[in-house]
A.B. asks: 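What follows is a structure written as structure tokens; I'll ask about it next.
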Amino acid sequence: MKGMALRGRWVLLLVLVAIAVFTGIVNPRFLSVQNFLNILLQISVLGVVSLGATILLVSGNLDLSVGSLLSLSAYLGGLVIMHSASLFFGIITCLGVAVLFGLFNGFLASLERAHPFIFTLGMMTFLQGIAIVISRGSPINGMGGLYELLGIRDFFRVPMPVVLFVILLLVVHLFLTYFPLGRYAYALGGNQEASRLSGIRVGRVKIFLYGLNGLFVGIAALMLSSILDSALPTMGTGYELRSIAAVVIGGIPLFGGRGNVWGTLLGVLLLGLVSNSINLMGISANFQNVVLGAIMVLAVMFQGSR
Amino acid sequence: MKRSILSLVLIMFLVLDVWGLAVAEEELEIAFIRATGEPYYQYGSQAAEMAAKMLGVKMIIYTSNLDPAQELANVQDAISRGVDGILIYAVSLSSERAAVDAASKAGVPIFFQYGYHPDLLPKSAGFMQIDLKAFARPLGEWMAENLESGKVAIIEGTLGRGDAEAYSEGFKEGLAKNPNLKVVAQVSAEWNRQKAYEAATNIITAHPDLVGLFVQNEDMAVGAANALERLGKLDQVKIVSQNGAPYGLDLIREGKLQLTNANPPSIASVMALRILLGVIKGEIEPGHFYWAPTQLISKDNLEVAYRWDADEKDIEAWLQLPLPEPVIPPPAS
């Protein structure tokens, strides 16, 4: 099983290289350092959301409300910055709201009354509704000092959101590999009942994992609103499915139990690279979704994920 | 295996990089970034493409899928591709700062057809858009003048981007000229025909004596008109809408829609392209604001409406029209 996953990852890497080489032939500007930095910046927000999804999917859980939660937490953070002029309180609000709703999702998951697909779908609609009620449709223009702090700042030419994504990638790798709670996540995904019988407090682990997922959503919200220097009540739409797609392409099965962040990194890279390649090759916008969808299907089929 | 793959990749990249340096620049190339692939943007990009061809300019079309992050990615990708200018139908009323900064840094002029923000105007090639509230106001005024009294409803687009809310506000301002008319329902159908059908059915069930309906685009107006026709209420309820799309003009021709305020994406995109090209060539000063062309259409002037589905003859004519004059921009959208 492990050998198959490893082979799948090499195939995915080859697909990435093939796309890069082909795009480079069609438009040599693709190979510029600036373009690669662009790709990394473009995937950084999805990457952070996908890290949270990785933790949940490994444990056999998922969260469809992350996109709405991203919108709501970014908007509330922006509101606080706008009214209090305090960047610190804005950041705390954004992260706090995201963690709070993450923990609430975890609480619902711990009750085990319904599959996470169902109740997080409900939460998705609920949170999106709150964001629209609070905002009354008006976006927030200007996120105070957040733009300068994160949005346009570079670290040795590497955009700060990319640096943050890489740091979080390593943190999640360490968490899943060496921390007891990380190991419990695999155990839950492998066999929840066996985990319970072996003494793992399944409910508490779920609450923690969903809370952690919320934290990643909050960080992603800060990153996205800083990059765009604005907060829109619908800005997170679509992140829930793209993050799950990236994780599954990366080799984590929907029922959990195996996989790691390196597969997720490849999945996120594939989505970002394909989108960038299509644009640089000048493929007509009407065909872009056809190409993107076909490559995603092929990647998953070659990967052998179920 | 790992080593051979890595070596192969390295060699290919080196060869391509050298080859890339030898590639010469050719004709002017413009990126047209549209918010979605919906008809409004499709017709806009098609007209701009036709105009670009006539002007000897290459045009690449990108779609942002209403996602501000994808919009920024498209701008970055267009710059990486080496385009000479960017024409963009912005996703929202904000979130363009990063796009403007990226384009300014790369020295690529960027012209916006939506999303005006005063701070960004000086850094851009220009902004062109309609005044959302003022656009919907005449429709409310028409109802205020043509309906004596009674209940009025609004079917709105997707809430959360600022535009649907502004349209409702503008319409109500116009409607306020007749105090005997009252808005009794305001339902979002998310720019969707099927949802508008359902919304109209629900509204008329709740308010069988409804006399007026403002539907925020004609795609939804088709659904609403069908629902009212099925329920036998089409003669009782007067519908007004926005956009001037081909199917909207058909509704007016059939007498199902009384009035529409058109903002044809076709002529707007052609004008925007011409201004952007003028900025690139140094003939037009960048950083100005322009009102997009609009046209109130009823049965009386149906035949002279600017068509969304413009043909080559229309485009040729629009290329000869004088360009819109810059105006003093509104304080904020």
Side-chain angles (χ1 to χ4, degrees), chain A residues 10 13-14 17 20-21 24-25 27-32 34-35 37-39 41-43 45-46 71 128 131-133 135-142 147 151-152 224-235 237-239 272 275-286 288-289, chain B residues 1-2 5 8-9 12-13 16-23 29 31-34 37 41-42 45 58 60-63 65-74 76-82 91-99 101-102 106 117 119 158-166 332:
Chain A
W10 274 104
L13 195 58
L14 271 176
V17 171
V21 170
I25 292 170
N27 187 345
R29 289 175 192 269
F30 172 82
L31 300 170
S32 66
Q34 186 54 50
N35 188 49
L37 288 175
N38 282 347
I39 295 173
L41 180 62
Q42 288 163 16
I43 64 164
V45 176
L46 176 63
S71 306
Q128 183 63 79
I132 289 182
V133 167
S135 67
R136 296 167 71 195
S138 304
I140 290 175
N141 299 310
Y147 186 59
I152 49 164
L224 185 56
S225 53
S226 70
I227 291 170
L228 299 173
D229 195 29
S230 54
L232 293 89
T234 52
M235 71 198 295
T237 307
Y239 275 92
S275 185
N276 177 267
S277 301
I278 288 170
N279 278 345
L280 265 81
M281 283 194 283
I283 292 176
S284 161
N286 292 335
Q288 291 196 354
N289 282 343
Chain B
M1 187 186 174
K2 289 181 197 175
I5 289 175
L8 190 69
V9 171
M12 281 181 148
F13 274 37
L16 288 170
D17 209 21
V18 173
W19 179 68
L21 292 173
V23 174
E29 188 172 287
F32 186 107
I33 302 176
R34 62 192 193 196
Y41 301 103
Q42 288 276 6
S45 58
K58 188 176 177 187
I60 311 286
I61 314 284
Y62 298 159
T63 300
N65 294 323
L66 288 180
D67 176 359
Q70 181 59 46
E71 179 178 88
L72 176 60
N74 286 337
Q76 290 167 337
D77 291 349
I79 292 168
S80 292
R81 191 182 151 81
V91 161
S92 77
L93 289 171
S94 68
S95 83
E96 284 80 43
R97 179 168 168 181
D101 283 349
H117 193 283
D119 297 347
T158 306
L159 301 174
R161 289 198 305 150
D163 48 0
E165 291 85 348

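Residue numbers begin at 1 in each chain, while the letters A, B, ... track the order of the sequences.
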A.B. asks: Report which part of A/I39 has an atom under 4.5 Å of a heavy atom belonging to chain B: side chain, backbone, both, or neither.
C.D. replies: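 No part of A/I39 comes within 4.5 Å of chain B.
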A.B. asks: So what's closer than 4.5 Å to chain A heavy atoms on B/D119: side chain, backbone, both or neither?
C.D. replies: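 Neither; nothing under 4.5 Å.
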A.B. asks: Checking heavy atoms, do the side chain of A/L224, its backbone, both or neither come under 4.5 Å from chain B?
C.D. replies: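 Just the side chain, heavy atoms under 4.5 Å.
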A.B. asks: Which value, rounded to the nearest 0.5 Å, describes the distance between B/Q70 atom CD and A/Q42 atom CD?
C.D. replies: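 CD of A/Q42 is found 7.5 Å from CD of B/Q70.
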A.B. asks: Go through A/N38 and B/D77 one step at a time and tell me if the side-chain hydrogen bond (donor to acceptor under 3.5 Å, both in side chains) criterion holds.
C.D. replies: CA-CA 8 Å; A/N38 282 347; B/D77 291 349; 5.2 Å; no
A.B. asks: Nearest 0.5 Å, please: how far is CZ in A/R29 from CD1 in B/I79?
C.D. replies: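 B/I79 atom CD1 to A/R29 atom CZ measures 11.5 Å (nearest 0.5 Å).
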A.B. asks: Which answer fits A/S275, side chain, backbone, both or neither, if we ask what part of it has an atom under 4.5 Å from a heavy atom of chain B?
C.D. replies: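 For A/S275, heavy atoms of backbone and side chain both lie under 4.5 Å from chain B.
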A.B. asks: So what's closer than 4.5 Å to chain A heavy atoms on B/D67: side chain, backbone, both or neither?
C.D. replies: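 Interface part for B/D67: side chain.
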A.B. asks: Pick out which of A/I227, A/I152, A/D229 makes a side chain to side chain contact (heavy atoms under 4.5 Å, CB included) with B/R97.
C.D. replies: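 Exactly one option meets the side chain to side chain contact (heavy atoms under 4.5 Å, CB included) with B/R97, and it is A/D229.
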A.B. asks: Does any heavy atom of chain A fall under 4.5 Å from the side chain of B/Q42, the backbone, both, or neither of them?
C.D. replies: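 When you check distances to chain A, only side chain atoms of B/Q42 fall under 4.5 Å.
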A.B. asks: Looking at B/A69 and A/Y239, what are the two nearest heavy atoms and their distance?
C.D. replies: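 Distance-wise, the nearest heavy atoms are CB-OH, 3.6 Å.
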A.B. asks: Apply the side chain to side chain contact (heavy atoms under 4.5 Å, CB included) test between B/R81 and each candidate in A/N35, A/N279, A/N27; give the one that qualifies.
C.D. replies: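 Only one of A/N35, A/N279, A/N27 forms a side chain to side chain contact (heavy atoms under 4.5 Å, CB included) with B/R81, namely A/N27.
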